[in-house]
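Only one structure is covered here, and it is reproduced in the block below.
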Amino acid sequence: MASRFLAGLFAPVTEEVTAFDLPVTGRIPPELNGRYLRNGPNAMGLEDPDSYHWFLGKGMVHGIRLRDGRAEWYRNRWIRSESVANTLGEKWSGGPVFADMDWAPNNNVIEHAGRTITLAEGGARPYEMSYDLGTLGPCDFGGLPGGYTAHPKRDPRTGELHAVSYFHGWNHVQHIVLDRGGHIARTVNVPVSDGPMMHDFALTERYVVIYDLSITFSADLAVNGARLPYAWNDAHPSRIGLLPRDGGADEVRWFDVEPCWVFHTLNAYDDAAGRVVVEVARYPWMLDQGRLDEIPPTVLDRWTIDPAAGTLRQDVIDDRSQEYPRVDERVVSLPHRYSYTVVGEDIFGAKVGEVMLKRDARTETTETRLFPRGSGVGEAVFVPTRADSAEDDGYLMTIVFDPERGAADLLLLSARDFTGPPVAAVHLPAKVPLGFHGSWIPDPEDHR
Ligand SMILES: [Fe+2]
């Protein structure tokens, strides 16, 4: 039977589209000049339809450029890894790959130091794209020894980009700091055992928070040809490491946590009492025997780590299964008030994407926004109205499917009037399959 990841909201698109002057319902705020980019897997028709899994599709970036109140263009482009370029009959750019890992990053897309960077993990190198989503080639930031990460964190005060990178052939994971100019400012190798998978980490003003959880590399799966050779490992306890931002590997302190898996950090920060607060969407397990077809619900957890007392306390702050957590990028690593998630009983299954939550950490309340059936709403990216506007004074950008048109919309919602009508809906000319993560990338001043 063909994989469910080739059908419905997951179904890949077969064409790369370029469209200009897109129809809009509502009003695009004229101060929004830039691109909303979102990455996700898009099978090319070569994969075995029975065993295909969403996580393994070739990365395709969907982009919408907004300018002076108009939706100037939409483009969707596969990232030209060597195999993607070959499939499309194009010449591959060449460039620095690692460990023979030919991989079109499908997880995330960000801007750093004026470069548009698509991201994956596990040793795969990022790929750089041009402004209009042409592939420039793989990228090692001038000499990274391995791969990078799907979820770097920008320190909003310094502009530095932090990452934790892993690779099954290493006996360590690597903390990487890129400076504002995009150059490697620091790498620290932190020893680990068993080759743990690390999709995300957390950053505070003082610490890099490392998730050494209970999914590790499986040589058996690799020998059997598994494309994702990682599995739940009861023999590998879950623990959380605090690496001081400027410290060496010998300064990491580890704290036990209930065995679990985390794809995504909501945010983390140092509190006034000197504790480290980490909020995550936590799974009780994942990848049982390497299988990706069963995925349990999450809970929203808050971990309070007291370095002085040597303790970690776990609290469930919301037991509704939710994913794609985001906060205002200006409060990453700092105390946040507002956060945004998408609810789904089976977040990577059919029941994804009809409910979005806005959580207020100060009042411990949530607002609920419902979307029409079949919307498949994904991650919301917060964009402030102005650089100095208040934490929820801005817009949420997200892609939804419109079943009536049979195509996708880019929605701009008011973060403050969370349940109110959309500020604008940009009507795209095609479907956008369910995907992962993205960014709003304001245009540089000289590009307007
Ligand atoms: Fe992710």
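First listed ligand is number 1; within each ligand, the first listed atom is number 1.
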Side chains of Arg320 and Thr366 only: does a donor on one sit below 3.5 Å from an acceptor on the other? yes
Taking the basic N atoms (NZ, or NE/NH1/NH2) and the acidic carboxylate oxygens, is any pair closer than 4.0 Å for Arg80 and Glu16? yes
Considering only NZ, NE, NH1 and NH2 on the basic side and carboxylate oxygens on the acidic side, decide whether Arg326 and Glu379 come within less than 4.0 Å. yes
Salt bridge check, Arg330 against Glu391: does any charged N sit closer than 4.0 Å to a carboxylate O? no
What protein N/O/S atoms sit under 2.8 Å from the Fe ion (ligand 1), by chain and number? His151 NE2, His199 NE2, His264 NE2, His437 NE2
If we check side-chain contact (heavy atoms from CB on, under 4.5 Å) with Asn233, which of these qualifies: Leu213, Leu287, Thr216? Thr216
For Arg77, is there an ion pair with Asp132 - N to carboxylate O distance below 4.0 angstrom? no
